[in-house]
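Input: a single structure, listed below in structure tokens.
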Amino acid sequence: MISPGGAPRVLAGGDPAAVAEAARLLRAGRLVAFPTETVYGLGANALDAAAVARVFAAKERPAFDPLIVHLAEPADLAAHVLAEDAADPRVARLAARFWPGPLTMVLRRREHIPGIVTAGLPTVGLRVPDHPVARDLLRAAGIPVAAPSANRFGRVSPTRAAHVVRSLGDRVDLILDGGRCRVGVESTVVLLAEGRALLLRPGGLPAEAIEAAIGPLTHPADGEPGAAALAPGRSGAHYATAVHLEIVDPARPAAAARLRARPGERLGLLAMSAAGAAAARAAGGPFATVEILSEDGDPVAVAAGLFEALHDLETAGLDRIVALPVAPVGLGRAVMDRLRRAALAAPRDGAAGPGTPAGGQ
Ligand code: TXA
Ligand code: MG
């Protein structure tokens, strides 16, 4: 596994003294990991370029990948974006309906947002998280907080404080523990600048809900020219597990071979429902470990448990993980997006994992 370095400070997010200490650290340019409803974030003062640089260093994140800026109140948006974008009625409608919540709006930024936050882009991603600890912290700090997911770049996002400890160790000055994240996949990112409406990342708010509020979204397909430039950090592989992972649909006859453990192979199964697990067991196995995200395949429970199951599976001493697919609609779109990227990023079958001592980050 990744060597965590020294032990970080972890304090209870529900303790007002801990929140006050975290706010003080943020104002002093230090790094604080905190829970949001989606995943844990690695926060820094968004107005302090040196503090933000520490986030990139701690995550080993490339400078071309912009950070999301977290605000305490929806009304704070107007201070950070061009007046024209703040006055866009679609922005007001989405903020009123979905903030606080798992929605990031990308709008043209004002000059005071340092270029390092936005990877030099003229736009900034903003969101108001829906977690009591996050909001207490943002209110106490009194500053906008730039926060990517609190994992090393390219790895599975954290949905528990323990995941942050394992991934970042003492690279973070303080971790506020708020228990398990409720939504479990990152925010949905939409670009609304200059009258556009582009879905840059499917996430915890279903695209269908956004479309019901403001009309159709354009979905720039991955690999399409320009899509990578519009959503830097989204291209290619991400969410790498330390163990080979592949998506296998048991309904396909050709899948049976992939669902079967080879002699001596420790095979793990990630199933979205009990019925899916039963189908996979009937078609293949035996499985050394089985994670069932929801008994009845409820998409909310599937999304909520996805990253935790990936963390558990990658530390279970397996040789290979097979994941069963979900329908890519609603929250299922975000789940399939993360699984596909994990499958792309994971080590090849039989190869050493990125989390093994010899591997990369
Ligand atoms: O739920 C979330 O969004 C979590 C929590 C901590 O809030 N944060 C998160 O941040 O997922 P991160 O850094 O892992 O993902 C941010 C992504 C970038 O990789 C990029 O794709 C998109 O958001 N993004 C941010 N600012 C952008 C901008 N100005 N233009 C285009 N895409 C942007
Ligand atoms: Mg991330």
Side-chain angles (χ1 to χ4, degrees), residues 32-44 46 52 55-56 58-71 80-81 85 98-109 113-131 133-135 137-138 144-159 163-164 167-168 176 178 181-194 196 198-205 220 222 226-240 303 307 334 337-338 341-342 345:
V32 173
F34 61 97
T36 81
E37 79 281 27
T38 57
V39 300
Y40 277 73
L42 178 62
V52 174
V55 171
F56 281 89
K59 275 186 66 99
E60 298 171 25
R61 178 175 173 120
F64 61 74
D65 193 356
L67 306 185
I68 293 168
V69 174
H70 296 68
L71 308 172
H80 304 298
V81 303
D85 284 356
F98 301 120
W99 276 0
L103 170 68
T104 295
M105 291 196 251
V106 176
L107 301 164
R108 282 172 294 175
R109 70 177 160 103
I113 304 283
I116 187 172
V117 172
T118 70
L121 293 169
T123 53
V124 60
L126 296 166
R127 91 175 188 98
V128 179
D130 184 18
H131 191 290
V133 174
R135 293 197 82 192
L137 176 63
L138 288 162
V145 172
S149 50
N151 52 281
R152 292 206 195 185
F153 182 72
R155 302 301 303 275
V156 179
S157 299
T159 54
H163 299 156
V164 182
S167 188
L168 295 176
L176 289 179
C181 299
R182 174 172 59 81
V183 175
V185 290
E186 302 90 336
S187 61
T188 304
V189 181
V190 289
L191 173 73
L192 296 165
E194 299 176 282
R196 289 180 292 181
L198 294 182
L199 178 69
L200 295 183
R201 176 174 76 181
L205 179 66
D222 288 336
L230 285 171
R234 288 281 300 149
S235 50
H238 214 86
Y239 309 102
F307 289 148
D337 172 83
R338 306 308 188 263
R341 286 167 194 277

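We number each residue from 1, following the sequence as shown. Just follow the structure's listing: the first ligand is 1, and inside any ligand the first atom is 1.
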Any side-chain heavy-atom pair of [X] and [Y] under 4.5 Å:
X	Y	value
H131	R182	no
V81	V124	yes
F98	T188	no
R127	L103	no
R61	V55	no
T123	R109	no
P114	V52	no
S149	K59	yes

Inset, instruction - Using a 4.0 Å heavy-atom cut-off, say whether L191 meets ligand 1 through its side chain, its backbone, both or neither. - result: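 None of L191 does.
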Legend entry - T123, portion touching ligand 1 at heavy-atom distance under 4.0 Å: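 The answer is both.
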[options]: member with heavy atom nearest to [atom]:
atom	options	value
atom 22 (C) of ligand 1	V39, V55, V189	V189
atom 10 (O) of ligand 1	P148, P122, S157	P148
atom 11 (O) of ligand 1	R201, M105, E37	R201

Legend entry - Candidates L191, V190, V106 - the one meeting side chain to side chain contact (heavy atoms under 4.5 Å, CB included) with R196: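 Exactly one candidate clears the test, L191.
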Inset, instruction - Could you label the plane-to-plane angle of the Y239 and F307 rings as parallel, tilted or perpendicular, counting under 30° as parallel and over 60° as perpendicular? - result: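 Judged by the thresholds at 30° and 60°, the geometry between Y239 and F307 is parallel.
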Would one find an N or O of [X], backbone or side chain, under 3.5 Å from an N or O of ligand 1?
X	value
S149	yes
E186	no
S187	yes
D65	yes

Using heavy atoms and a 4.0 Å limit, tell me yes or no: is [X] in contact with ligand 1?
X	result
T118	no
H70	yes
A147	yes

Atoms in ligand 1 flagged as close to [X], the criterion being non-hydrogen separation under 4.0 Å:
X	result
T38	1 (O), 2 (C), 4 (C), 5 (C)
R127	1 (O), 2 (C), 3 (O), 5 (C), 7 (O)
L200	31 (C), 32 (N)
L121	28 (C), 29 (N), 30 (N)

Inset, instruction - Specify whether an N/O/S atom of S149 falls short of 2.8 Å from the Mg ion (ligand 2). - result: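 Yes, within the cut-off.
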Inset, instruction - Indicate the atoms forming the closest heavy-atom contact of V39 with S157, along with that distance. - result: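 Looking at all heavy atoms of both residues, the closest pair is CG1-CB, 3.9 Å.
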